[in-house]
2 protein chains.
Amino acid sequence: MTQPKTDLRVLRTRKLIMDSFIELSSKKEFKAITVKDITSEAMINRATFYYHFEDIYDLLEKALSEVLLVNLNVDTYQNEELNEEAFVCIFQAITNFQKSLSTRCHRGYEDTIARIIRDQLEIIFYKMLLKQNGTKEDEALKMTAVILSWGIYGASVEWRNSSQEKHPEEFIKPTIPYLMAGIDFKREEI
Amino acid sequence: MTQPKTDLRVLRTRKLIMDSFIELSSKKEFKAITVKDITSEAMINRATFYYHFEDIYDLLEKALSEVLLVNLNVDTYQNEELNEEAFVCIFQAITNFQKSLSTRCHRGYEDTIARIIRDQLEIIFYKMLLKQNGTKEDEALKMTAVILSWGIYGASVEWRNSSQEKHPEEFIKPTIPYLMAGIDFKREEI
DNA sequence: TTTCATGTGTTGTATAAACAACGATTCGAA
DNA sequence: TTCGAATCGTTGTTTATACAACACATGAAA
């Protein structure tokens with residue numbers, strides 16, 4: 001638990017790079033953004049970029065993960081149980097996130113972004129399930145998290161395709177009994 | 001002329017400090033701002049602050065100078081002659097700058113700020129006079145720059161006290177013949 | 001085809017900045 | 001008054017970053 005406290009320069013540099021990337025993303029589409037663009041905007045040397053990130057795809061991954069986590073307001077959920085309200089909040093966070101992305105142009109990278117969102121969802125669901133059920137059914141919990149993340153993400157795609165006519169909350173509500181049932185099923189097993 | 005190109009880290013750090021200071025200035029009055037506040041906001045170590053600035057007054061000086069210079073758009077004026085239009089532009093820049101300051105609270109530091117503005121004006125006037133008249137009458141040029149800087153600054157104080165009822169341009173226009181005459185006087189001497 | 005320009009990813013060395021520690025002030029509360 | 005906490009300003013050591021240079025890839029123009 002006693003982590004060695006990362007150097008302030010590291011935190012600052014990562015922040016500068018991420019902020020610059022997000023800033024540039026609102027102006028250009030991803031394909032048009034070069035490492036040089038980012039490092040110029042961030043006022044850091046190009047070599048330093050490679051000290052922190054594998055390449056620009058690695059940055060995309062980490063930047064989007066972070067933005068998504070902020071949207072999800074992780075600190076709040078992590079201490080709550082996975083109830084009806086939590087599902088609604090998480091679904092709304094995803095639709096908000098997708099709306100914010102749609103204004104920018106990330107054509108050709110939808111699949112990458114989709115994967116990033118699902119990965120993050122899976123992590124969050126797994127943590128919440130672990131808190132409620134302990135480590136006994138670990139494999140089952142992991143699979144449940146996988147299914148929930150794909151399912152919720154799929155619902156958000158469906159919501160986008162439906163021209164967003166319904167409010168996200170109304171859209172997801174009908175499915176919640178089914179989602180909750182799956183979790184209760186786990187409880188019975190214990 | 002071949003300047004040794006300052007390290008990117010230096011430029012970045014100075015910018016972070018200055019930006020943070022200006023940001024904090026819009027929230028607190030100068031007396032309430034500590035070095036710790038600035039370095040926390042800028043994400044730099046406190047020791048680094050003292051590597052770049054004597055103390056917080058030194059920062060105030062340099063930060064205001066820079067903001068003022070940006071307002072004055074120095075690059076434009078430096079290549080122009082000191083004509084009627086230049087006087088109007090410079091006066092407008094000062095009144096703009098003063099308006100931007102008045103929203104913040106720098107109570108008790110008006111005199112310091114006044115001095116900084118005059119110092120910068122003096123530098124600019126001297127450069128422009130030097131370009132027009134050469135180095136022959138150097139002492140006289142310096143004194144002229146001093147008088148112009150105090151005079152123009154005084155006019156801006158007068159404009160502020162007049163409740164800003166007139167547009168700055170109209171306010172300064174009547175005095176321009178007098179200001180220009182002083183400069184022409186110098187030409188006759190050559 | 002060649003050529004030229006621009007971007008990628010990496011490396012060795014120099015240096016700005018982080019860190020931790022210190023004594024000295026300042027200042028408000030006990 | 002004394003105490004304690006916060007801020008100031010400084011120093012020696014460690015480390016992240018700048019810089020310059022490199023080979024390689026891509027792509028557009030000649």
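In what follows, chains are A, B, ... by sequence order, proteins preceding strands, each numbered from 1.
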Remaining members of the apolar cluster that contains B:Trp150, side-chain heavy atoms under 4.5 Å = B:Val146
task = Would you please name every residue forming a ring-ring contact (aromatic ring centres under 6.0 Å, His included) with B:Tyr57, sequence neighbours left out?
result = B:Phe30
ask   = Restricting to pairs with a member in residues 116-125 of chain B, which pass side chain to side chain donor-acceptor pair (under 3.5 Å), not counting sequence neighbours?
value = B:Ser65-B:Gln120, B:Arg115-B:Asp119
inquiry  = Strictly by salt bridge (Lys or Arg N to Asp or Glu O under 4.0 Å), give each pair with a member in residues 34-60 of chain B just once, sequence neighbours left out.
reply    = B:Lys28-B:Asp37, B:Asp58-B:Lys62
request  = Using a 4.0 Å heavy-atom cut-off, write out nucleotides 7-20 of chain D from 5' to 3' as B (base contacted by protein), S (sugar-phosphate only) or - (no contact).
outcome  = SBBBB---BBBSB-
A:Arg14: partners by side-chain contact (heavy atoms from CB on, under 4.5 Å), with sequence neighbours left out = A:Val10, A:His52
